[in-house]
Amino acid sequence: MSELVIHNARVMTCDPARPGLGMIDHGAIAIAGGAVRWVGDDADRPRGDSTLDAGGRLVTPGLVDCHTHAIFAGDRANELAMRAAGRSYLEIAAAGGGIAATLGPTRAATDGELAALLEERLAAALAAGTTTIEVKSGYDLTVAGELRLLRVVAAAARRGPQRIVPTLLAHLIPKERAGDRARYVTELCEELVPAVAREALATSVDVYCDEGAFTLDESRAILGAARRVELAVRGHVGQFRDLGGAHLLAELGARSADHVEQIDDAGIAALARAGVVAVMLPGACVQLRLPVPPVEKLRRAGVAMAVASDLNPGSSYCETLLPQLWLATTHYGMTVEEAWLGVTRHAARALGLAGPGTLVAGAPADLVLWRCDDPAAVPYRYGVAAQLIERVHVAGAR
Ligand SMILES: [Zn+2]
């Protein structure tokens, strides 16, 4: 097992045992067999079979994107144009746009077409440092179709190289089932969720609990079904209206509450008590011109915050976390440290992963060598992955 030692590096460990970002200013890291074997001061580094001089530059954990809708066909650039001309998300949905506009192309695409589109997006994410990525289903909305999407995701996960975390998303009620809501929800609970668990096609179930999507009671039923088959739960809550989703997620021990533009103080306290990660999705927030989530209140309550791309064809067609780091620090008022933890350790926690998102002995050797030495330089030069990134390793392999 040959060992590579990266030395003369500014190592951001994100080690929970160290304060802040766990920076080691004159650091080194030894990797072998796909894992981190050692990390510490350069002066104490092991010899290794090969070495790489980082030139004093930054080495961080590979980025973790904990919220994407990366499997879909078609595009909705016209909606950006409509929004730019002043129409709202709900008006665009009423005019046949929104999520419904992605259903047709996605349902019509072959498995091979969907796989090719997904791979292209995964490659773009990897080139921008994302080594672990969550992918949600949710653009078919039939039992068979959602299972198909998750099988395409599973095949991509087997091919690698990234770590892919699949999630079943209960996105909304399709138009053809609008008169039949209760039966549709029962179908999700009694057919889709158990089938996903049986085939091990996802590790968690996410529900969109908001105006225009699922009610609080429907969300409770769907997430309850997930808990019964031992799947983790998450939720899109409070993007447009606070329906009380944060309380439901806290009560169910959810991994994350995502969006939370609208959340009251009691909801924040509930997330804090239950240790639920709040996932910030600034790209979608800006594009939809929504108010910024209450970051200062979340911080004061001690809620861990993650930052994700929300890659989706409607409100955030963006494969990379770099613009999200920029928006998190500029538009959301997160500190550089909070933003970095949001795309590393806290994002991994939202996915139920320990190891990815940190550089500590035993963690997978997923890392990025940057062309800068200052963590603030990454959100600062947010648009230019190629200029910022020297190399990316997943499980030790470049
Ligand atoms: Zn989303």
Side-chain angles (χ1 to χ4, degrees), residues 64-72 74-76 79-80 83 89-90 92-93 97-103 106 118 121 125 130 133-141 146 149-150 153 164-173 202-214 219 222-223 226 232-243 245-246 249 254-263 276-290 292-293 305-321 323-324 327-328 332 342-343 347 350-351:
V64 178
D65 193 345
C66 67
H67 182 139
T68 88
H69 305 253
I71 183 160
F72 63 88
D75 84 78
R76 284 154 48 197
E79 293 182 19
L80 181 137
R83 274 193 300 273
Y89 182 96
L90 296 175
I92 291 166
I99 292 160
T102 297
L103 292 182
T106 303
L118 176 61
R121 294 170 193 139
T130 300
I133 185 166
E134 187 249 20
V135 180
K136 303 178 199 293
S137 70
Y139 287 116
D140 185 288
L141 306 183
E146 292 292 308
L149 295 180
L150 288 171
V153 174
I164 296 179
V165 178
T167 299
L168 170 66
L169 173 62
H171 212 165
L172 44 65
I173 311 249
T203 50
S204 62
V205 175
D206 187 342
V207 67
Y208 203 147
C209 177
D210 211 320
E211 191 169 87
F214 290 98
S219 300
I222 294 162
L223 297 182
V233 299
R234 310 178 57 180
H236 287 61
V237 297
Q239 186 181 15
F240 302 102
R241 260 187 71 196
D242 182 5
L243 305 183
L249 292 171
R255 284 185 177 155
S256 73
D258 303 44
H259 287 291
V260 297
E261 277 86 347
Q262 307 292 336
I263 183 170
V276 180
V277 177
V279 179
M280 306 286 114
L281 303 162
C285 177
V286 167
Q287 193 164 158
L288 299 177
R289 301 187 200 175
L290 299 175
V292 170
M305 291 179 274
V307 175
S309 70
D310 199 13
L311 165 59
N312 79 80
S315 58
S316 182
Y317 199 157
C318 176
E319 289 92 339
T320 99
L321 287 164
Q324 316 304 329
L327 289 171
Y332 270 32
V343 295
L351 297 178

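All ligand and atom numbering here is 1-based and tracks the order in the structure. Just so we're clear, the structure is a prediction, and the values are computed from it rather than from any experiment.
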Checking D310 against H67: is there a side-chain donor and acceptor pair closer than 3.5 Å? yes
Atom name in H236, limited to N/O/S, at shortest distance from the Zn ion (ligand 1): NE2
At the Zn ion (ligand 1): angle between H69 atom NE2 and D310 atom OD1, to 10 degrees: 90°
Should E134 and R255 count as an ion pair when the cut-off is N to O under 4.0 Å? no
Do the rings of F72 and Y317 sit parallel, tilted or perpendicular, given the 30° and 60° boundaries? perpendicular
Check whether any N, O or S atom of D258 sits under 2.8 Å from the Zn ion (ligand 1). no
Output yes if H259 passes the N/O/S-under-2.8 Å test against the Zn ion (ligand 1); output no otherwise. no
Just say parallel, tilted or perpendicular for the rings of Y208 and H259, cut-offs at 30° and 60°. parallel
